[in-house]
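Below is one structure, written out as structure tokens; the observations come after it.
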Amino acid sequence: MHVRWRDLVEGGGRTALLSLLVAVLLLGGVQLRSWTWQQTERVRFEWDIRNGFYWGERTLKQGERVTGTSLATASRWESWRIWAAGYLTLYDALELESANRDYGLDYPPLRLMAMSLWAKSVRAAHPEAQIAKAEEYGQPLLRFNLLCEGLAALGMFLLVRHWVKRDSGRTVPLFARGVSAEWHGWTRGFLAAAFVWLNPAIILTSHAWPQWDVWIVPFYLFAALFASTQRWFWCGCLLAIGGMLKGQLFIVAPFFILWPIFQQRPDAALRVVCGFAVALAAILSPWLLNDARDRLVWVLVVGCSALVLMFAKRSRQHAAFYLPVVAAVAAFMIGAISGGSFGWLRVGFIYGADLPQGLLGGTGAVAGACYNLPSLLATLGLSLKHKLFELDFGIVTVALTLQWALRLLYFCGVAGCAMWVARRARADDAKALLAVAAPWLLMLALLGQMRERYSLWAAAVTAVTVALSMRLSVLHLIFSLLSTAMIAHVMLAEKQFDPSPQLLDFLDAQHVLAAWIFLISAALYLAAAGGAPEFARRLIANVRRT
């Protein structure tokens, strides 16, 4: 076979150039984050990092109380025993201590684990560390933020590359028309990943606020990648793990169940649910099976199931799937029947969801900083509990509140997104990426009690537009800029130093306009995701033929 050296050199040159760009972008992004942390000390929102350190310390103190051992005098093995005892009993202890159910803690299990491990490492290195100076010891959390941001960029690259390769060059943006077909996936995936890696909203939230919202972005993107490659079980696992870090991921999780249903693949939807249940059971088993008797019953159930699967010829080849599902179901059933602990649910999820935040949401001194539909409705004097209508049937009264109307509208929108991605997936159309990112836009636009920093999820995942169309990428830039403005608004409002009063007055005055810009941009994005431009072109073509 004849090989031309020119082709090899050109191919090697492109690879070297792309590798150099990746290295420069990676190092530049790391330096930008370090600079952001150093330069934003005056506007840093310390409450969240101090709150995380407080609950991490509270976990360790709970462990000391349960074990009767001081962490200061404990050996390495004993320190881990203290940590585990505190971590596994804190939820129940808070329920016993709080008669009015005002727990103060709204961390899901994996986020509580992260904070308690951070506090443990700080105490080991700095025994006299104070909560008021928690940001001085925050580098481990900032590095974890950095890791999640890097994984999010990687997930975006792989997701875009997969769909561009499936698309076979039918959806080519203007900037990529001079690139050879075999490099489309690499270049367009790299560009989308760069917009995630350098997104100002992500950097500001993770390294200036700092907060931990970026933790779930890679879980969502890799779940979308696994769904795109028919790995439905692992998609469900990732959704469960990410939701145990930030429960808001559960709000968009139904998208991945409806996606295969609209593809007429109920078996795939069941695999998502099974993967979700298996991962949840693995994380929650220490609470569900909290005594030796429960664990023994669980082992017997799983062991008997394994024997049945081993001798059943039809099931033997699927044992790797069936056995974890049986183990997960058994863990939840035994926990429910024998009195396993569900404090993680009541404290870590239900308590935070039930906190009264009105219609606006928002944080600290800036209630209602979100640019969304609920904030516009709030300017009309409406609240989440406002009744749109009420039907009295004598025995029972049915009322539809504004909160539930917005929720129903949101879930209808998620169903529409799942239908769009299923339709485009059947045609191997890369514009399916638009529908993959759309649930985050819907969540921010429609649901009440949204924090302004939640906007970074929409700003991050809509970077898929960069790989599809230069015109659509303008929408991504709008979402990113509005998200950055919302986050900066809160940080400035908390500190109130010159020249922030003038800037705050400007941001307050432009709130309604910014909300309308966001909603109009989101509507345009959803129209593109649903195929409205293609439908309009076909309609015009049919009219002309007629």
Side-chain angles (χ1 to χ4, degrees), residues 33-76 78-91 93-94 97-98 102-147 204-215 245-246 347-348 351-352 363-365 451 453 487 490-497:
R33 285 158 171 79
S34 177
W35 178 85
T36 301
W37 171 257
Q38 295 168 6
Q39 297 299 318
T40 55
E41 182 179 1
R42 295 180 67 188
V43 294
R44 200 168 294 155
F45 195 95
E46 298 101 341
W47 189 88
D48 287 308
I49 197 167
R50 291 179 184 176
N51 187 57
F53 190 73
Y54 168 80
W55 286 111
E57 276 211 313
R58 183 75 181 270
T59 305
L60 299 178
K61 291 177 181 177
Q62 172 68 15
E64 289 177 328
R65 186 171 66 178
V66 171
T67 60
T69 306
S70 172
L71 191 64
T73 59
S75 63
R76 171 177 284 187
E78 288 176 330
S79 70
W80 284 109
R81 187 169 65 88
I82 292 170
W83 169 82
Y87 175 61
L88 296 177
T89 60
L90 181 62
Y91 288 126
L94 288 174
E97 295 170 6
S98 305
D102 185 14
Y103 308 122
L105 175 66
D106 60 351
Y107 286 2
L110 290 187
R111 185 157 33 134
L112 180 62
M113 175 186 286
M115 295 305 175
S116 59
L117 290 174
W118 170 47
K120 183 178 181 299
S121 67
V122 170
R123 282 298 173 206
H126 308 281
E128 303 301 322
Q130 299 177 11
I131 294 174
K133 298 182 179 180
E135 62 270 18
E136 296 180 7
Y137 314 106
Q139 288 305 313
L141 289 180
L142 297 182
R143 285 193 288 270
F144 190 62
N145 280 358
L146 180 66
L147 173 64
L204 195 63
T205 305
S206 303
H207 299 275
W209 188 296
Q211 244 288 340
W212 336 115
D213 299 302
V214 75
W215 289 0
L245 287 167
K246 293 283 291 185
V347 177
Y351 167 72
T363 298
R451 303 290 192 182
R453 63 179 193 273
I487 295 164
V490 175
M491 296 174 66
L492 291 172
E494 287 294 323
K495 292 300 182 181
Q496 291 285 349
F497 68 91

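When a residue number appears, it is its place in the shown sequence, counting from 1. Reckoned from all heavy atoms, side chains included, excluding hydrogens, waters and symmetry mates.
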Separation between CD1 (Ile131) and CD (Glu46), nearest 0.5 Å, reads 14.0 Å
Between CG of Leu71 and NZ of Lys120, what distance do you get to the nearest 0.5 Å?
7.0 Å
Among Val66, Leu60, Leu105, which residue meets the side chain to side chain contact (heavy atoms under 4.5 Å, CB included) test with Leu90?
Leu105
Is the closest side-chain heavy-atom distance between Tyr351 and Leu94 below 4.5 Å?
no
Nearest heavy-atom contact between Ser79 and Ala74 is N-CB, 4.0 Å
Residue pair Trp212 / Phe144, side-chain heavy-atom distance below 4.5 Å
no
For Gln211 and Thr205, indicate whether the former's side chain and the latter's backbone hold a donor-acceptor pair under 3.5 Å.
no
Heavy-atom check, side chain of Trp37 versus side chain of Gln139, under 4.5 Å
yes
Taking the side chain as C-beta and beyond, is there a heavy-atom pair between Leu141 and Pro210 under 4.5 Å?
no
Does any part of the side chain of Arg453, heavy atoms only, come nearer than 4.5 Å to the side chain of Val490, both counted from C-beta?
no
Please state whether the rings of Tyr87 and Trp83 are parallel, tilted or perpendicular, taking 30° and 60° as the class boundaries.
parallel
Contact summary for Pro108 and Tyr91, nearest pair of heavy atoms:
C-OH, 3.3 Å
Please tell me if the side chains of Ile49 and Arg44 come closer than 4.5 Å, counting only heavy atoms from C-beta onward.
no
Any non-hydrogen side-chain atom of Met115 less than 4.5 Å from a side-chain atom of Arg58?
no
Interatomic distance, CE@Met113 vs CZ@Arg111, rounded to 0.5 Å, equals 14.0 Å
Tyr107 vs Val347 side-chain heavy atoms within contact, under 4.5 Å
no
Looking only at heavy atoms, the pair that brings Leu146 and Arg33 closest together is CD1-CD, 3.4 Å
What is the distance from atom CD1 of Ile82 to atom OG of Ser70, rounded to the nearest 0.5 Å?
7.0 Å
Least distance between heavy atoms, Thr89 atom then Ala85 atom:
OG1-O, 2.6 Å
If I compare all heavy atoms of Ala93 with all of Arg65, which pair ends up nearest, and what's the gap?
CB-NH2, 3.9 Å
Under 3.5 Å, is there a donor-acceptor pair between the Tyr54 and Arg50 side chains?
no
Between atom CG of Leu112 and atom CG of Asp106, what is the distance when rounded to the nearest 0.5 Å?
10.5 Å
Hey, what do you get for OG1 (Thr69) to CZ (Arg81), rounding to the nearest 0.5 Å?
5.0 Å
Between Trp118 and Phe53, what is the ring plane arrangement, given parallel below 30°, perpendicular above 60°, and tilted in between?
perpendicular
